[in-house]
**Student:** 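The following block contains the structure, expressed as structure tokens.
Letters go in sequence order (proteins before strands), and every chain restarts at 1.
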Amino acid sequence: MNGKHITKLGFEKKAVGLALAAATLREKAGLERDEILAELRQVQANPAGYTGGVYEALAAELSAQRAELDLKASAALRPAPLPYGVWGADLIEPGARSQMDVAMRLPVTRAGALMPDAHVGYGLPIGGVLATENAVIPYGVGVDIGCSMMLSALPVPVGQLGVEEARALLLRHTRFGAGVGFEGRDREDHPVLHESVWGEQPLLRHLHDKAVAQVGTSGSGNHFVEFGTLRLAEADLGLEAGEYLAVLSHSGSRGFGAQVANHFTTLAQRLHPTIDPAAKKLAWLPLDGEDGQAYWQAMNLAGRYALANHDLIHARLARALGVRELTRVSNSHNLVWKQQVGSQELIVHRKGATPAQAGQLGLIPGSMADPGFVVRGLGQPAALHSASHGAGRQLGRKAAASTLAKKEVQAYLKQRGVTLLGGGIDEAPQAYKRIEDVLARQGDLVAVIGQFTPWVVRMDTGSEDV
DNA sequence: ATGTCC
């Protein structure tokens with residue numbers, strides 16, 4: 001008996017040595033070579049059946065090798081992407097298409113769509129919609145879990161609130177920037193902070209303090225709070241046709257959501273060590289597994305937390321104005337939903353995409369100096385009942401900073417009569433696609449019912465104020 | 001997007 005006999009049976013790597021060692025013991029026990037080879041074949045056929053005795057170590061190694069192969073096979077990408085709908089292909093850079101192509105090759109993917117504001121992101125492109133079977137992809141949602149929009153209309157005649165007063169209200173009642181929270185007496189409470197879910201995971205228990213400190217705030221980057229004029233051409237939202245003073249906000253789940261995202265992305269990547277490098281950032285968690293369930297719970301909490309941030313922002317501003325909001329519209333655009341697709345319940349990831357079921361209200365902002373739109377979904381199945389979440393970048397942050405001059409941005413703001421507080425050059429209106437173009441590409445996804453024109457905007461103080 | 005570590 002030698003190594004040749006063993007490798008001929010198909011043993012590989014560490015299993016060769018272990019099989020040889022076991023075979024030597026059996027030879028000493030007086031068995032013939034053919035008898036031993038027969039035993040080895042049986043171990044090979046059913047390693048799980050050898051939990052003791054001479055073959056135990058070999059069987060354990062075989063089981064481990066098999067598990068690794070299964071994992072590799074389950075993580076293997078399809079040779080070609082599944083087909084998916086693209087809205088506004090002429091507005092979408094090739095890099096975003098490539099990222100979507102990779103997502104459509106995941107073994108867990110069943111359907112997808114790309115919205116006209118799409119651009120390159122981490123993992124799934126921004127503007128990507130991905131439906132999987134029994135799998136959640138943390139980077140299919142992104143770092144800002146639950147990132148969302150809220151609009152409120154106020155019973156204040158347009159023109160009554162002056163620019164200076166609006167500026168003062170935003171400076172007093174909103175907070176922006178990484179790590180930022182309300183301090184002292186300015187800090188408010190919210191029911192979401194008292195949900196029992198916070199106690200159900202060590203991670204959530206750990207992040208509760210941060211969530212308490214940051215509730216009611218806005219983040220950085222493209223987050224904003226602005227006063228503007230809402231125009232309704234026809235009666236809707238429980239309001240008569242006409243013009244209303246309105247507040248529009250874009251915020252997310254702040255440091256809490258970011259840490260949830262990073263934690264579960266790490267777990268997902270650890271679960272798929274052999275995944276194709278092109279899809280590494282799309283590593284998933286089985287939804288019926290412990291980690292997948294934990295992500296689901298934490299993600300939905302982050303979604304409610306993000307809406308709580310908006311809730312407090314709008315409530316504060318209305319209170320400061322001494323009024324009660326007439327109506328509110330809100331939607332999350334970074335989240336996962338269970339959704340019926342054909343005959344199947346799929347796990348629909350929207351990463352920068354507005355849910356747009358038939359009749360569903362949504363908000364699609366333009367840029368700091370362009371109008372945003374209140375829309376009603378048309379329920380397009382091929383788009384998985386989705387629409388764009390904004391205009392979408394046409395220049396990356398670095399490209400915007402190196403291409404655009406402050407003067408150009410200031411001229412754009414002046415022309416549109418917009419007063420800006422904070423805001424970096426990388427958020428310049430010129431860094432975004434034309435919202436009119438983006439809307440024109442999704443006429444079969446949403447119908448516009450209202451237009452919001454901003455006139456005082458607050459954003460984070462970027463690296464370079466405009 | 002976030003105060004670079006869950």
Side-chain angles (χ1 to χ4, degrees), chain A residues 99 117-128 137-149 174-183 198-225 249-271 281 283 285 290-291 294-295 297-299 301-303 305-307 309-310 313 332-336 349-353 365 368 389-390 392-393 396-398 400-401 422-424 426-427 431-432 458-463:
Chain A
Q99 287 189 317
D117 59 339
H119 56 96
V120 171
Y122 283 105
L124 194 65
I126 315 300
I137 304 171
Y139 261 132
V141 176
V143 175
D144 193 4
I145 300 174
C147 187
S148 39
M149 300 294 308
T174 67
R175 293 289 184 278
F176 283 80
V180 166
F182 277 99
E183 301 291 339
W198 292 100
E200 292 180 24
Q201 292 182 39
L203 178 70
L204 298 180
R205 281 197 288 278
H206 171 73
L207 292 172
H208 186 252
D209 286 351
K210 183 183 282 289
V212 168
Q214 297 190 325
V215 77
T217 66
S218 309
S220 55
N222 58 5
H223 288 178
F224 61 78
V225 181
S249 57
H250 182 203
S251 186
S253 53
R254 314 290 285 102
F256 159 51
Q259 292 204 23
V260 168
N262 289 332
H263 174 73
F264 286 99
T265 293
T266 302
L267 292 185
Q269 292 188 346
R270 203 178 288 163
L271 189 66
K281 287 200 162 64
L285 297 166
E290 197 178 325
D291 292 339
Y295 177 76
Q297 183 180 54
M299 176 204 75
L301 180 60
Y305 177 76
L307 289 173
N309 289 331
H310 289 278
I313 290 166
S332 306
H333 52 227
N334 286 5
L335 213 60
V336 190
H349 302 66
R350 291 192 181 86
K351 187 185 195 182
M368 57 163 72
H389 82 309
R393 286 190 166 277
R397 294 185 181 280
K398 282 180 193 167
D426 50 357
E427 287 299 327
Y432 284 84
R458 186 176 185 192
M459 303 185 82
D460 183 31
T461 303
S463 50

**Student:** Could you tell me whether the phosphate oxygens of B/dG3, OP1 or OP2, come under 4.0 Å of any side-chain nitrogen or oxygen in A/Gln214?
**Tutor:** yes
**Student:** Considering every strand and a 4.0 Å limit on heavy-atom distances, what is the contact class for A/Arg397: base, sugar-phosphate, or nothing?
**Tutor:** sugar-phosphate
**Student:** In whole angstroms, how far is the P atom of B/dG3 from the CG atom of A/Asn262?
**Tutor:** 10 Å
**Student:** CZ of A/Phe224 versus P of B/dA1: gap in Å, rounded?
**Tutor:** 11 Å
**Student:** Contact between A/Val260 and A/Leu207 at the side-chain level, heavy atoms closer than 4.5 Å - yes or no?
**Tutor:** yes
**Student:** To the nearest Å, give me how far apart CG (A/Asn334) and C1' (B/dT2) are.
**Tutor:** 14 Å
**Student:** Atom CD of A/Gln269 to atom C1' of B/dC5: distance rounded to whole Å?
**Tutor:** 15 Å
**Student:** If every non-hydrogen atom of A/Val141 is compared with every non-hydrogen atom of A/His349, which pair is closest and at what distance?
**Tutor:** CG2-CD2, 4.5 Å
**Student:** Map A/Leu203 and A/Ser220 onto DNA chain B by nearest heavy atom, then report which one ends up closer to the 5' terminus.
**Tutor:** A/Ser220
**Student:** Nearest-nucleotide wise, let me know which of A/Leu207 and A/Asn222 is further upstream toward the 5' end of DNA chain B.
**Tutor:** A/Asn222
**Student:** If only side-chain N and O atoms of A/Lys210 are considered, is one of them under 4.0 Å from the OP1 or OP2 phosphate oxygen of B/dG3?
**Tutor:** yes
**Student:** Let me know the distance between CG of A/Asp460 and P of B/dG3, rounded to the nearest Å.
**Tutor:** 11 Å
**Student:** At 4.0 Å (heavy atoms only), tell me whether A/Gly252 reaches a base, stays on the sugar-phosphate, or touches nothing.
**Tutor:** nothing
**Student:** In whole angstrom, give the distance that lies between atom CD1 of A/Ile145 and atom P of B/dT2.
**Tutor:** 12 Å
**Student:** Can you check whether A/His333 reaches A/His250 side chain to side chain, under 4.5 Å on heavy atoms?
**Tutor:** yes
**Student:** Round to a whole Å and report the spacing from CZ of A/Phe256 to P of B/dT2.
**Tutor:** 14 Å
**Student:** Think A/Arg393 forms a cation-pi with A/Tyr432, using NZ or CZ under 6.0 Å from the six-ring centre and within 45 degrees of its axis?
**Tutor:** yes
**Student:** Rounded to the Å, how far apart are A/Asp209 CG and B/dG3 P?
**Tutor:** 14 Å
**Student:** Looking at A/Arg254, I'd like to know whether one of its side-chain N or O atoms comes within less than 4.0 Å of OP1 or OP2 on B/dT2.
**Tutor:** yes
**Student:** Say you draw a straight line from NE2 of A/His389 to CG of A/Asn334; how long is it, rounded to the nearest 0.5 Å?
**Tutor:** 6.5 Å
